[in-house]
Amino acid sequence: MTVSLYNTMTRTIEPFRPIDAPRVSLYTCGPTVYNYAHIGNFRTFTFQDVLRRWLETRGHDVFHVMNLTDVDDKMIKGALAKQVSIGELAVPFIEAFFADRDYLRIQPAHEYPRATDFVAQMIALVADLLSKGVAYIGDDASVYFSIERFPAYGRLSRLDTRELRANASGRVTADEYAKEDARDFVLWKSARPEDEQSGAAWDAPFGRGRPGWHLECSAMALGLLKEKWGRDVLDIHAGAVDLVFPHHEDEIAQSCAHTGQPEFANVWMHGEFLTMSGTKMSKRFGNILTARDLQEEGVDAGAVRLLFATTHYRQALDFTDQALDAAREGSRRLGEFAGRMASTSAEEPGSGPFDELAARLTEDFAAAMDDDLNTPRALAALFDAARDGNRLLDGGESPSKAFRDSWDTAADVVQVLPARTRARVVAATGLAAGTSKAEAHGEDASTTPPSDPVEAEAWALHWAGRRVAAKTAKIFAEADRIRAFLAEHGWEVRDNRDGTASVQRK
RNA sequence: GGCGCCGUAGCCAAGUGGUAAGGCAGAGGUCUGCAAAACCUCCAUCACCGGUUCGACUCCGGUCGGCGCCUCCA
């Protein structure tokens with residue numbers, strides 16, 4: 001079996017054939033760093049993360065580039081509002097983006113080129129397009145790409161089959177267009193005073209100005225790929241659906257006109273939107289939820305990723321509290337099982353039934369993922385394995401190495417387990433490791449938890465130990481009282497089958 | 001106006017021309033001092049109307065409803 005992916009260019013799912021296997025070049029459109037990225041953005045980045053992880057699991061050597069857009073209208077506007085340069089505006093938001101990425105357990109790309117670091121390459125690209133005659137300088141001194149002189153234009157978004165309505169989205173400001181054809185797009189915008197003021201203007205042979213939006217991706221993708229592997233065609237280019245037109249369409253035009261290749265990328269992948277109460281999450285609608293909002297609410301990234309993974313990446317996903325709660329609970333259950341399995345000895349050879357489970361999990365998970373990253377089905381395989389695995393554990397079977405490996409592989413690709421899977425265990429004697437005898441008798445047991453997380457856990461374990469002791473002595477009222485007391489402080493106590501107890505922060 | 005997507009149980013969500021994965025919630029059990037966890041059982045006929053077919057949720061046509069894109073939005 002090989003991985004099959006839906007290609008927006010052909011509108012079909014096709015077997016993925018790298019140009020130079022096992023090498024795979026992956027270019028994904030990153031954030032514009034004028035603000036915090038919202039979870040709609042991160043849904044896309046998470047889908048790309050799953051894509052990359054699965055390709056790597058399948059043995060591909062992935063070279064992943066994600067650009068950071070640090071020069072465009074929004075950057076300039078934001079910089080002017082804060083009286084800083086676009087470069088200064090970008091720094092904190094890039095840092096925030098990386099922090100959010102780490103929170104969501106998205107693997108770092110190999111390269112995060114900033115548009116402003118590639119101005120020289122972009123200028124060279126524009127110069128080349130001018131010399132090739134597919135670009136021209138308009139009346140406003142900006143440089144435009146001529147659609148007319150690039151007949152292949154419009155293949156990705158099927159432009160030939162539709163008619164464009166001028167400014168149908170109402171998003172175009174009153175830009176005067178000094179273009180020969182309404183569909184021509186800008187490669188290089190001549191400098192305006194506000195560009196100069198925010199540090200967004202560069203000298204170029206064809207006039208001082210700044211790059212058009214689409215230009216950076218072509219310049220950086222081609223530049224880095226050439227440097228890395230000497231190639232000028234990408235294996236996969238991915239982004240969200242709103243980039244199909246015009247962004248990716250224009251990238252193709254620029255890039256192919258420059259390289260002379262028939263394709264800029266062999267596979268184009270686009271993720272659907274995340275909506276909030278049914279409408280697209282967008283800064284312009286004000287219905288924004290950021291990753292850090294969730295983090296501050298104490299939502300584990302595993303739950304967020306499970307929520308994302310329950311819907312196929314090409315389907316719209318409506319973000320609701322109820323859906324998030326469901327994902328939290330599911331993630332918790334998977335984590336519970338993983339924790340149970342981890343607490344069994346890995347030394348034991350494991351039982352046959354677990355080997356059968358392993359075979360099924362491996363096969364079902366891979367089949368689902370190979371089928372255009374069908375994460376909902378892949379999760380079903382994971383949940384099946386957890387259920388059946390729990391049943392085997394209940395029956396006293398021990399997990400085999402094959403099963404552990406299969407589980408770890410699957411769990412690693414989707415990353416839907418909670419970060420904290422295991423509750424610490426306190427022994428049946430009622431004494432946690434390191435607990436002194438005096439403490440066990442309660443002389444200096446504090447009734448308020450320490451603020452330090454490590455000490456707090458020791459504190460909770462101490463009380464859990466006292467509860468076990470009370471239970472052993474059949475003083476159930478005391479045992480119940482301690483459990484309620486710990487619950488008040490956010491700790492859950494659980495009795496295990498073997499007479500031990502565990503604590504976990506709620 | 002053009003192009004396109006979607007409508008499956010209380011909620012979320014896969015899926016196949018032959019009678020519907022999985023998750024959450026709910027109900028009833030097993031276990032348990034209690035609780036939790038875990039496991040077991042139960043819980044849909046796939047928006048509506050026509051058509052094609054031996055047979056459609058799955059194919060075709062239409063209706064209704066929701067959503068996206070249409071020049072710098074992930």
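Chain naming here is simple, since letters A, B, ... match the order of the sequence lines and numbering starts at 1 in each. Below, all heavy atoms of this structure are taken into account, side chains as well, without hydrogens, waters or symmetry copies.
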(message) Could you identify the nucleotide paired to B:rA25, looking across every strand shown and requiring Watson-Crick or G-U wobble geometry with both distances under 3.5 Å?
(response) none

(message) Between B:rA21 and B:rA14, how many Å separate the two C1' atoms, rounded to a whole number?
(response) 6 Å

(request) For the pair A:E111 (side chain) and A:V65 (backbone), establish whether a donor and an acceptor sit closer than 3.5 Å, ignoring hydrogens and angles. (result) no

(request) Please measure how far the P atom in B:rC12 lies from the corresponding atom in B:rC54, and state the result in whole Å. (result) 38 Å

(request) Check every atom of B:rA74, B:rG33, B:rC73 against the side chain of A:D72 and return the nucleotide holding the closest atom. (result) B:rC73

Write out a two-atom table: protein N or O, nucleotide N or O from nucleotides 34-36 of chain B, distance below 3.5 Å.
from: B:rC34; atom 1: O2; to: A:R483; atom 2: NH1; distance (Å): 3.1
from: B:rC34; atom 1: O2; to: A:R483; atom 2: NH2; distance (Å): 2.4
from: B:rC34; atom 1: N3; to: A:R483; atom 2: NH1; distance (Å): 3.0
from: B:rC34; atom 1: N4; to: A:D495; atom 2: OD2; distance (Å): 2.5
from: B:rA35; atom 1: N1; to: A:D495; atom 2: N; distance (Å): 3.2
from: B:rA35; atom 1: N3; to: A:R483; atom 2: NH1; distance (Å): 3.3

(message) Only pairs with both distances under 3.5 Å count, Watson-Crick or wobble alike; so what is the partner of B:rC69 in this structure?
(response) B:rG2

(request) Using a 4.0 Å heavy-atom cut-off across all strands, classify A:L393 as base, sugar-phosphate, or nothing. (result) nothing

(message) Say we look at B:rG1 and B:rG62: how far apart would their P atoms be, to the nearest angstrom?
(response) 16 Å

(request) Would you mind pulling out the nucleotide paired to B:rC57, Watson-Crick or G-U wobble, both distances under 3.5 Å? (result) none

(request) Just compare B:rA38, B:rA13, B:rG68 and give me whichever is closest to any side-chain atom of A:E336. (result) B:rA38

(request) Searching all strands shown, indicate the nucleotide that pairs with B:rA38 (Watson-Crick or G-U wobble; both distances under 3.5 Å). (result) B:rU30

(request) Respond yes when some side-chain nitrogen or oxygen of A:R332 is under 4.0 Å from OP1 or OP2 of B:rA38, and no when none is. (result) yes

(request) Name the orientation class of the two ring planes belonging to A:W213 and A:H247 (parallel below 30°, tilted from 30 to 60°, perpendicular beyond 60°). (result) parallel

(request) Determine the contact category for A:H312: base if any of its heavy atoms lies under 4.0 Å from a base atom, sugar-phosphate if only primed atoms, P, OP1 or OP2 are that close, otherwise nothing. (result) sugar-phosphate

(request) Looking only at side-chain atoms of A:N390, point me to the closest of B:rC6, B:rA74, B:rA38. (result) B:rA38

(request) Would you please say whether a donor-acceptor pair under 3.5 Å links the side chains of A:N41 and A:T44? (result) no

(request) Please tell me which of A:G30 and A:A323 maps to the more 5' nucleotide of RNA chain B, matching each residue to the nucleotide holding its nearest heavy atom. (result) A:A323

(message) Taking any heavy-atom pair under 4.0 Å as a contact, classify A:D318: base, sugar-phosphate, or nothing.
(response) nothing

(message) For A:W463, does the six-membered ring have the charged nitrogen or CZ of A:R466 within the cation-pi criterion, i.e. under 6.0 angstrom from the centroid and within 45° of the normal?
(response) yes

(message) Within the 3.5 Å criterion, strictly below it, is a donor on A:T344 or A:S398 matched to an acceptor on the partner's side chain?
(response) no

(request) Could you tell me which non-hydrogen atom of A:D49 sits nearest to which non-hydrogen atom of A:R105, and how far apart they are? (result) OD2-O, 3.5 Å

(request) Determine, for nucleotides 16-30 of chain B in 5'-to-3' order, which nucleotides have protein heavy atoms under 4.0 Å from the base (write B), from only the sugar-phosphate (write S), or from neither (write -). (result) -----BSSSS-----

(message) Using the P atom as the point on both nucleotides, what is the distance between B:rG17 and B:rU32, in whole Å?
(response) 48 Å

(request) Could you tell me whether a side-chain N or O of A:S4 sits under 3.5 Å from a main-chain N or O of A:D372, the two making a donor and an acceptor? (result) no

(request) Please state whether the rings of A:F185 and A:H214 are parallel, tilted or perpendicular, taking 30° and 60° as the class boundaries. (result) perpendicular

(request) Look at the rings of A:W268 and A:H270 and say which category their plane angle falls in: under 30° parallel, 30 to 60° tilted, over 60° perpendicular. (result) parallel

(message) With hydrogens left out and only the distance checked, is there a donor-acceptor pair under 3.5 Å joining A:K280's side chain and the base of B:rC73?
(response) yes

(message) Less than 6.0 angstrom separating the ring centers of A:F319 and A:F308, yes or no?
(response) no

(request) Taking atom P in both B:rU8 and B:rC67, compute the distance separating them and give it to the nearest angstrom. (result) 15 Å

(message) By nearest heavy atom, map A:Y34 and A:A386 onto RNA chain B; which one lands nearer the 5' end?
(response) A:A386

(message) At less than 4.0 Å, is any side-chain N or O atom of A:K74 found next to OP1 or OP2 of B:rC73? Yes or no.
(response) yes

(request) Could you let me know what B:rG17 is paired to, Watson-Crick or G-U wobble, both distances under 3.5 Å, or none if it's on its own? (result) none

(message) Going by purine N1 to pyrimidine N3 plus the second Watson-Crick contact, or the G-U wobble pair, all under 3.5 Å, which nucleotide sits opposite B:rU45?
(response) none

